[in-house]
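Each ligand, and each atom within it, is numbered from 1 in the order the structure gives. Just so it is clear, the structure is predicted and the values come from calculations on it, not from any experiment. If you read the sequence from its start, that first residue is 1, and numbering goes on from there.
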Amino acid sequence: MDPSFENVEATALSVFRSQFYEAPQVISSAPGRVNLIGEHTDYNDGPVFPAAINRRIAIAAGPRPDRTIEVYAGNLNTRAKFSLDDLAPTRINSWLNYLRGVTELLHRKGDPACGANLVVYGNVPRGGGLSSSAALEVAYAHTLMTLTNTSHPPMDIARLCQQAEHEWAGVHCGIMDQCISAMGRKDAGLHLDCRSLTYRHVPLPAGARLVICDTGVKRALASSAYNTRRAECRAGVAVLAGVIPDITSLRDVSLDAFLEYQSLLEPTVRRRCRHVITEIARVEQTVKAITADDLALAGKLMYDSHISLQRDYEVSCPELDAVVDICAEVDGVYGARMTGGGFGGSALCLVHAEDVPETVRRLTIEYPQKTGRKPSLIVTGAEDGVSARRI
Ligand code: GLA
């Protein structure tokens with residue numbers, strides 16, 4: 001079965017009954033994401049423009065009387081548990097750290113503690129750069145809130161999940177992935193300002209589809225390389241703050257000011273800053289183009305973004321470049337680029353609905369020829385964010 005059509009909530013519910021011999025009381029699910037444009041801008045206080053996709057992580061849950069959270073991970077076929085009295089990160093079953101972190105942070109907000117049995121089951125590819133961890137965090141936060149009859153504004157939940165990722169998983173991510181998983185909307189991208197945290201849903205033109213190609217490349221050191229990029233951006237701000245008054249992040253540096261002072265920057269830092277500053281401008285131009293139904297311009301900006309990520313930010317890889325090159329040759333493709341943190345993961349192609357089959361055909365044939373790897377393809381529109389309910 002094509003996993004995009006799989007109802008992960010129904011699977012989680014039925015697995016729950018067979019694992020725990022009782023009826024689940026809550027079902028929640030949250031989506032993975034693609035970023036249409038605005039890569040590595042979130043932690044520089046800039047804008048992003050992601051969309052939720054048709055792959056989700058579902059959690060079926062029921063309360064239990066003790067202070068234990070017991071989880072059956074359907075995709076891993078593993079069962080594990082932790083105590084509400086010991087929520088510090090651990091090395092064993094490190095995937096549970098996301099849950100430990102979210103649990104602890106909800107308790108700190110004053111939510112009541114509640115033991116629970118859970119089944120987690122999803123079809124967001126792990127390590128595919130489509131934010132499976134944000135989907136897990138957001139779905140789990142909503143599971144606990146629904147079990148304990150509490151609620152918090154979506155932005156508070158996104159920030160809490162981001163904090164769990166920083167402190168329990170050691171990845172110093174921006175706010176984009178958790179926001180879109182919590183606030184995605186069908187047929188719209190999320191134009192989010194990562195400084196003010198204000199946002200707007202921008203409808204995507206009817207007839208446009210997204211083809212996502214998971215390259216199958218997973219680089220082990222991706223999270224430390226990600227943290228290095230963050231540090232390089234901070235180093236750039238430290239130098240530029242000496243000559244440009246009142247700047248606290250690259251968001252505050254105009255292209256003109258950058259061009260004037262770029263010679264003060266060490267070459268690597270200069271290229272990193274150039275990517276971020278030009279990418280921030282591309283987000284705003286893309287949102288305008290999408291609003292004006294100008295998909296040709298939006299597509300061109302996607303290609304520009306990819307080149308900037310490849311040459312200046314140096315987070316692409318030959319496999320991601322191969323996907324973009326193949327897509328660029330297909331009629332009906334508006335644009336393509338790597339999406340997410342990079343160093344492997346997925347590339348995204350914006351294409352007219354009628355030309356999806358040809359795009360899929362060409363990637364299926366040509367990607368293995370160019371790279372020796374098999375692509376995993378997802379065809380999606382923009383979808384809704386998290387949902388949770390009692391049953
Ligand atoms: C990862 C992070 C996001 C963002 C992207 C790059 O997905 O989790 O916060 O920084 O990389 O745009």
Asks: Around ligand 1, what residues show up once you keep those with a heavy atom under 4.0 Å from it?
Replies: Arg33, Glu39, His40, Asp42, Tyr43, Cys173, Gly174, Met176, Asp177, Tyr226, Gly340, Gly341

Asks: Once you round to the nearest 0.5 Å, how far does NE2 of His142 lie from CD of Glu137?
Replies: 12.0 Å

Asks: Quick one: which of Asp111, Leu87, Leu160, Ile157 gives a side chain to side chain contact (heavy atoms under 4.5 Å, CB included) with Leu105?
Replies: Leu160

Asks: Between Arg56 and Val8 (side chain of the first, backbone of the second, donor and acceptor by atom type, cut-off under 3.5 Å), is there such a pair?
Replies: no

Asks: Measuring centre to centre across the rings, with the benzene-like ring taken for any Trp, is His40 within less than 6.0 Å of Tyr313?
Replies: yes

Asks: Do Asp193 and Arg251 pass the salt bridge (charged side-chain N to carboxylate O under 4.0 Å, His left out) test, and can you show the C-alpha distance, the side-chain angles, and the key distance before you say yes or no?
Replies: CA-CA 10 Å; Asp193 180 329; Arg251 160 74 177 266; 3.0 Å; yes

Asks: Please confirm whether the ring centroid of Phe16 lies under 6.0 Å from the ring centroid of Tyr121.
Replies: no

